[in-house]
2 protein chains.
Amino acid sequence: MTESDTMTGADEDAAVGAWAKRCYMAGRAVMDATLRPFDLGSTQWYVLWHLAQSGPTVQRDLGRKLELERATLSGIVTTLVRKDLVAQSADGTDQRQRLLSLTPAGHALWQELPDLTFIHDAAFGGADPADLETAARVLRAATENLQSLLKKD
Amino acid sequence: MTESDTMTGADEDAAVGAWAKRCYMAGRAVMDATLRPFDLGSTQWYVLWHLAQSGPTVQRDLGRKLELERATLSGIVTTLVRKDLVAQSADGTDQRQRLLSLTPAGHALWQELPDLTFIHDAAFGGADPADLETAARVLRAATENLQSLLKKD
DNA sequence: TGACATTCGTTCGCTACCTATCAATTATCG
DNA sequence: CGATAATTGATAGGTAGCGAACGAATGTCA
């Protein structure tokens, strides 16, 4: 047993949580390394991806889809606007909302970006589909348990 | 299927990678909320935890145990030193190394901190042990696959 | 021994999360 | 209608992570 096993707790349950973190961090590291030549962060890529796929989107809606707090997305959008990849325009109906869309430069960059499918394939491609389903179910249940723990407070 | 599919939450919510992130974030949120009254971050807690359990530790070793880069741990240690919870002293044999230990205030705070095992219990307590084992195995394999992807570059 | 390489901790600059708060806007309800 | 509540986006301040680069200390090897 390694020291990190003891760190995360003596039982197997804790190990799942620790591996969830490691897996997330490792995935992000690969994504960041792939996008570094393009001066793009992983979450910035998700924003471009969504806008390229779904077209102009109200900022709040995008935040809900990417599961980011308003403040988090606000900062990322500011960065992308500064890079002239995303435009933030007023929406006619609700003056509070901002409509996000790709600029021409954003469109152009999106065309040049490599396909990131290989990341997911490398990570999970060799796994038994049934095991993947089980892992997803365990993680989903844990997430919901934890979130309901926060609500209760 | 890429990470992007998972983020959109379209219908493929069986995506393990996305749930790994959600699970990690949710766990950290509960931990942060629990530790907020004590003005402690989650990783700061891990540092105190290890020092309370294992006694004085060379900084680099602690970094390896907690799987943190030197730069990351350096910042966290600085914060804990500023709060007078951790002391950073010179080690006799190697003048490069710093020996970390709990200060009296650090010991005192540690005694007052609540038990955090309820978090893992709430998250994974209701799951089938076999499923937990499967989830851990899937995540571990994915992590190793991703890390070897980084080495190759 | 001396030259070179490695290691440790720090610092810098960055991404990406969060909470709390604020101004502006819109929604709701008496 | 008007007062109050809720929502949007921005900002401030904090935590957590990374890579790159640097000085000091240590290891290695010709």
Side-chain angles (χ1 to χ4, degrees), chain A residues 21-22 24-48 57-64 66-83 86 88-100 147 150 153, chain B residues 7 21-22 24-47 57-64 66-83 86 88-100 147 150 153:
Chain A
K21 172 178 179 178
R22 294 188 188 105
Y24 163 59
M25 296 297 284
R28 224 162 73 90
V30 174
M31 211 167 157
D32 286 345
T34 307
L35 294 174
R36 195 159 300 138
F38 303 94
D39 192 31
L40 262 192
S42 50
T43 305
Q44 295 173 29
W45 183 90
Y46 281 118
V47 170
L48 297 188
T57 308
V58 169
Q59 187 162 321
R60 190 69 184 95
D61 293 344
L62 182 56
R64 276 193 254 265
L66 301 185
E67 300 181 37
L68 301 173
E69 288 301 313
R70 284 170 298 155
T72 303
L73 183 55
S74 184
I76 289 168
V77 165
T78 297
T79 301
L80 290 172
V81 167
R82 201 176 52 226
K83 292 180 187 174
V86 164
Q88 209 175 18
S89 60
D91 192 13
T93 68
D94 190 333
Q95 292 307 121
R96 292 169 302 185
Q97 296 181 157
R98 304 289 165 174
L99 196 63
L100 302 179
Q147 285 170 349
L150 273 181
D153 282 351
Chain B
M7 282 307 274
K21 171 176 178 179
R22 294 188 187 103
Y24 162 59
M25 296 297 282
R28 225 164 74 94
V30 174
M31 209 167 160
D32 286 344
T34 307
L35 294 174
R36 196 159 301 139
F38 303 93
D39 192 29
L40 262 192
S42 49
T43 305
Q44 294 171 34
W45 182 90
Y46 279 114
V47 170
T57 308
V58 169
Q59 186 162 322
R60 189 72 184 93
D61 293 343
L62 181 55
R64 277 194 253 265
L66 301 185
E67 300 182 37
L68 300 174
E69 288 301 312
R70 282 171 299 158
T72 304
L73 184 54
S74 181
I76 289 168
V77 165
T78 298
T79 302
L80 290 171
V81 167
R82 200 177 52 227
K83 291 180 184 172
V86 164
Q88 205 176 19
S89 59
D91 193 12
T93 68
D94 190 333
Q95 292 305 120
R96 292 169 301 184
Q97 297 183 159
R98 305 290 166 176
L99 195 64
L100 302 179
Q147 285 170 349
L150 273 181
D153 281 351

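Order of the sequence lines sets the chain letters (A, B, ...), proteins ahead of strands, with each chain counted from 1.
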Could you state the [atom1]-[atom2] distance from [X] to [N], rounded to the nearest angstrom?
X	N	atom1	atom2	answer
Asp61(A)	dT8(D)	CG	C1'	11 Å
Leu73(A)	dT11(D)	CG	P	14 Å
Leu150(B)	dG17(D)	CG	C1'	14 Å
Asp39(B)	dG13(D)	CG	P	16 Å
Leu62(A)	dG9(D)	CG	C1'	13 Å
Arg22(A)	dG17(D)	CZ	C1'	15 Å
Glu67(B)	dG17(D)	CD	C1'	13 Å
Met25(B)	dG17(D)	CE	P	11 Å

Using distance only, find each side-chain donor-acceptor pair of residues 73-80 of chain A under 3.5 Å and give its atom names and separation, not counting sequence neighbours.
| unit_1 | atom_1 | unit_2 | atom_2 | d |
| --- | --- | --- | --- | --- |
| Thr78(A) | OG1 | Ser74(A) | O | 2.8 |
| Thr79(A) | OG1 | Gly75(A) | O | 3.2 |

- [ ] To the nearest 0.5 angstrom, please state how far the CG atom of Leu40(B) sits from the CH2 atom of Trp45(B).
- [x]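 Rounded to the nearest 0.5 Å, the CG-CH2 separation comes to 10.5 Å.
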
Open item on the list: Which residues pass the side chain to side chain donor-acceptor pair (under 3.5 Å) test with Gln95(A), not counting sequence neighbours?
Closed with: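 Not a single residue meets the side chain to side chain donor-acceptor pair (under 3.5 Å) criterion with Gln95(A).
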
- [ ] List in chain and number order the residues that pass side chain to side chain donor-acceptor pair (under 3.5 Å) with Glu69(A), two or more places apart in sequence or in another chain; answer none if no residue qualifies.
- [x]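 Side chain to side chain donor-acceptor pair (under 3.5 Å) check on Glu69(A) returns nothing, list empty.
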
TODO: Check whether any side-chain N or O of Thr72(A) sits under 3.5 Å from a backbone N or O of Leu68(A) as a donor-acceptor pair, and report yes or no.
DONE: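 Not at all, since once roles are kept as given, no pair shorter than 3.5 Å links the two residues.
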
Open item on the list: I want to check something: taking the side chain as every heavy atom from C-beta on, are Met31(A) and Tyr46(A) in contact at a cut-off of under 4.5 Å?
Closed with: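 Yes; the side chains approach each other to less than 4.5 Å.
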
Open item on the list: Do Gln44(B) and Phe38(B) have side chains that approach each other closer than 4.5 Å (heavy atoms only, starting at C-beta)?
Closed with: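 The answer is no, as the side chains (C-beta and beyond) never meet within the 4.5 Å cut-off.
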
Task: Residue met sooner reading DNA chain D from 5', once Lys21(A) and Gln88(A) are mapped to nucleotides - done: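 This one resolves to Gln88(A).
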
Report which part of the nucleic acid [X] touches: base, sugar-phosphate, or nothing (heavy-atom distance under 4.0 Å, all strands).
X	answer
Leu68(B)	sugar-phosphate
Thr72(A)	base
Ala71(A)	base

Pull out every protein N or O sitting under 3.5 Å from an N or O of nucleotides 21-26 of chain D, one pair per line with the distance.
| unit_1 | atom_1 | unit_2 | atom_2 | d |
| --- | --- | --- | --- | --- |
| dT26(D) | OP1 | Gln95(B) | N | 2.8 |

Open item on the list: Whether the Gln97(B) and Gln59(B) side chains hold a donor-acceptor pair (N or O, under 3.5 Å, no angle test) is what I'd like checked.
Closed with: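 Result is no, nothing qualifies.
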
Task: Residue closer to the 5' end of DNA chain C, Arg28(A) versus Arg36(B) (nearest nucleotide) - done: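 Whichever sits nearer the 5' end wins; that is Arg28(A).
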
TODO: Kindly give the heavy-atom pair with the smallest separation between Leu150(B) and Ala29(A), and that separation in Å.
DONE: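 Smallest heavy-atom distance, with atoms named: CD1-CB, 3.6 Å.
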
Open item on the list: Please give me the minimum heavy-atom distance between Thr57(A) and Leu62(A), naming the atom from each residue.
Closed with: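 Closest heavy-atom pair between Thr57(A) and Leu62(A): CG2-N, 3.9 Å.
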
Open item on the list: Taking any atom closer than 4.0 angstrom to a non-hydrogen atom of chain A, what span of DNA chain C does the protein reach, first nucleotide to last?
Closed with: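 With heavy atoms of chain A under 4.0 Å away, the range is dT15(C) to dT26(C).
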
TODO: Return the set of residues passing side-chain contact (heavy atoms from CB on, under 4.5 Å) with Met25(A) (not counting sequence neighbours), or none when no residue passes.
DONE: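 Applying side-chain contact (heavy atoms from CB on, under 4.5 Å) to Met25(A) gives Lys21(A).
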
Open item on the list: Per the salt bridge (Lys or Arg N to Asp or Glu O under 4.0 Å) rule, what does the pair list look like for residues 90-100 of chain A, sequence neighbours excluded?
Closed with: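 Matches after skipping sequence neighbours: Asp94(A)-Arg96(A).
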
Open item on the list: What residues from residues 74-83 of chain A pass a heavy-atom cutoff of under 4.0 Å to DNA chain C?
Closed with: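 When residues 74-83 of chain A is checked for heavy atoms under 4.0 Å from DNA chain C, there are no hits whatsoever.
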
